[in-house]
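See below for the structure under consideration.
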2 protein chains.
Amino acid sequence: MEKLLLHRRSLLRELETLGVRITAQRRALIEAIQTADGHLDATMLLEAARKRDTRINRATVYRTLELLKKLGLIDELDLMHMTGEKHFYEVRTTVDHLHLACVECGRIEEFTSPLFERLKTEISLRNQFEIRVIRLEVGGCCKTCSKQDHRAVALRAASHV
Amino acid sequence: MEKLLLHRRSLLRELETLGVRITAQRRALIEAIQTADGHLDATMLLEAARKRDTRINRATVYRTLELLKKLGLIDELDLMHMTGEKHFYEVRTTVDHLHLACVECGRIEEFTSPLFERLKTEISLRNQFEIRVIRLEVGGCCKTCSKQDHRAVALRAASHV
DNA sequence: GTATTTGCAAAAGCTTTGCTGCAAC
DNA sequence: GTTGCAGCAAAGCTTTTGCAAATAC
């Protein structure tokens with residue numbers, strides 16, 4: 001539910017404002033990130049970008065992601081390293097959000113909260129720390145999977161009677 | 001300041017309770033993590049463990065870290081990938097804490113907060129999500145470095161007069 | 001004696017880099 | 001014409017794995 005409320009800005013517009021050159025390859029990658037459904041890793045982004053511009057190379061993907069990261073336009077996620085050591089990317093949202101990763105089904109839920117905002121304020125004030133990036137990732141068991149676990153436990157118990 | 005209040009449990013005692021075999025190599029690694037000053041990566045841990053037991057191998061380090069992670073006794077950190085893609089490890093504390101990584105000087109500050117605890121409760125309740133691991137990492141500029149930045153800016157400004 | 005753990009070396013996975021040519025302003 | 005960007009392929013770094021020997025119970 002929260003996810004739908006997350007507002008992602010237009011990378012192309014931001015880059016234009018910043019005076020960054022937008023080549024055909026960069027455009028292809030940017031469109032891939034921007035229209036992605038969910039969180040993509042570098043390989044998935046390469047494939048998605050290739051559908052828009054077949055020339056784009058893996059190195060360009062990494063170099064462009066690095067650029068966007070430095071400009072604070074995208075965030076790099078680990079998603080609790082559930083599927084290896086690769087990174088996932090998403091367009092930065094106007095309001096920071098956190099990620100819940102279900103270790104059972106792999107689903108990622110996004111979440112915003114005024115408490116999170118207050119915590120950020122506390123961090124800045126109490127430590128006089130100027131926050132540039134913040135990443136809150138949670139690993140655990142989602143609603144659906146814990147229900148299924150309970151059902152499985154109940155079934156096992158029943159079959160032992 | 002907060003850091004001193006963080007209470008880290010004894011890995012050896014916990015492992016005994018769990019009935020996990022404690023070999024000489026595991027003991028060496030565990031002592032290395034437990035007495036580490038700061039956050040060590042796998043290579044640093046290997047070196048530290050070798051000082052206690054020269055036989056220990058890199059593979060054993062990774063395998064033991066994996067075991068301790070699965071048992072929820074240590075936490076794996078990325079520390080915002082400031083120095084490559086390696087991971088850092090620390091003994092889990094009784095109260096969860098977050099990490100502030102200064103992108104200028106590389107210093108890591110640890111931080112606990114009742115707000116963080118409340119946020120965790122909110123996550124669990126609102127999403128019915130059973131939290132197993134939580135990792136909050138912040139990248140930015142620490143107090144000391146931002147002061148130096150301001151001083152540098154002032155000096156530059158003065159020299160241009 | 002059986003099961004677990006280890007070392008070794010090789011492989012795997014993801015990301016970065018050097019270099020040359022190409023494209024943009 | 002100068003500067004920055006891209007492709008290619010190779011290297012880099014961290015982590016994982018297969019297997020035989022060693023160790024623990």
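Within every chain, numbering begins at 1; the chains are lettered A, B, ... in the order of the sequence lines, protein sequences first and strands thereafter.
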Exercise: do A:E137 and A:H99 side chains pair donor with acceptor under 3.5 Å: no
Could you tell me which non-hydrogen atom of A:L46 sits nearest to which non-hydrogen atom of A:I56, and how far apart they are? CD1-O, 3.7 Å
For the pair made of CZ in A:R27 and C1' in C:dA23, what is the distance, rounded to whole Å? 15 Å
Hey, is the side chain of A:Y62 poking within less than 4.0 Å of OP1 or OP2 on C:dT15, counting only N and O atoms? yes
In whole Å, I'd like the distance from the CG atom of A:D41 to the C1' atom of C:dT15. 12 Å
Distance check needed: C:dA12 C1' versus B:E85 CD, whole Å only. 16 Å
What one should report as the nearest heavy-atom pair of B:R26 and B:R21 is NH1-O, 2.8 Å
For a 4.5 angstrom cut-off between non-hydrogen side-chain atoms, does A:H81 reach B:H87? yes
Assuming nearest nucleotide by heavy-atom distance, tell me which of A:R63 and B:R55 is located more 5' along DNA chain C. B:R55
What's the CZ-P distance between B:R21 and C:dT4, to the nearest Å? 8 Å
Is it true that A:E122 and B:S113 share a donor-acceptor pair across their side chains at a distance under 3.5 Å? yes
Walking DNA chain D from its 5' end, the first of B:I22 and B:R58 to be reached, judged by nearest nucleotide, is B:R58
Return the CZ to CG distance between A:R27 and A:L11, rounded to the nearest 0.5 Å. 12.0 Å
Counting the atoms with a prime plus P, OP1 and OP2 as sugar-phosphate, which does B:R26 contact under 4.0 Å by heavy atoms, base, sugar-phosphate, or nothing? sugar-phosphate
Find the distance B:L29:CG to C:dT6:C1' and express it as a whole number of Å. 13 Å
Once you round it to whole Å, what is the distance between P of C:dT16 and NE2 of B:H81? 10 Å
Spacing of A:I134 atom CD1 and A:F116 atom CZ [to the nearest 0.5 Å]: 4.0 Å
Rounding to an integer number of Å, can you tell me how far A:E16 CD sits from C:dC25 P? 12 Å
A:A24 vs B:K86, nearer the 5' end of DNA chain D by closest nucleotide: A:A24
Could you tell me from which nucleotide to which nucleotide of DNA chain D, 5' to 3', there is an atom under 4.0 Å from chain A heavy atoms? D:dC5 to D:dC8
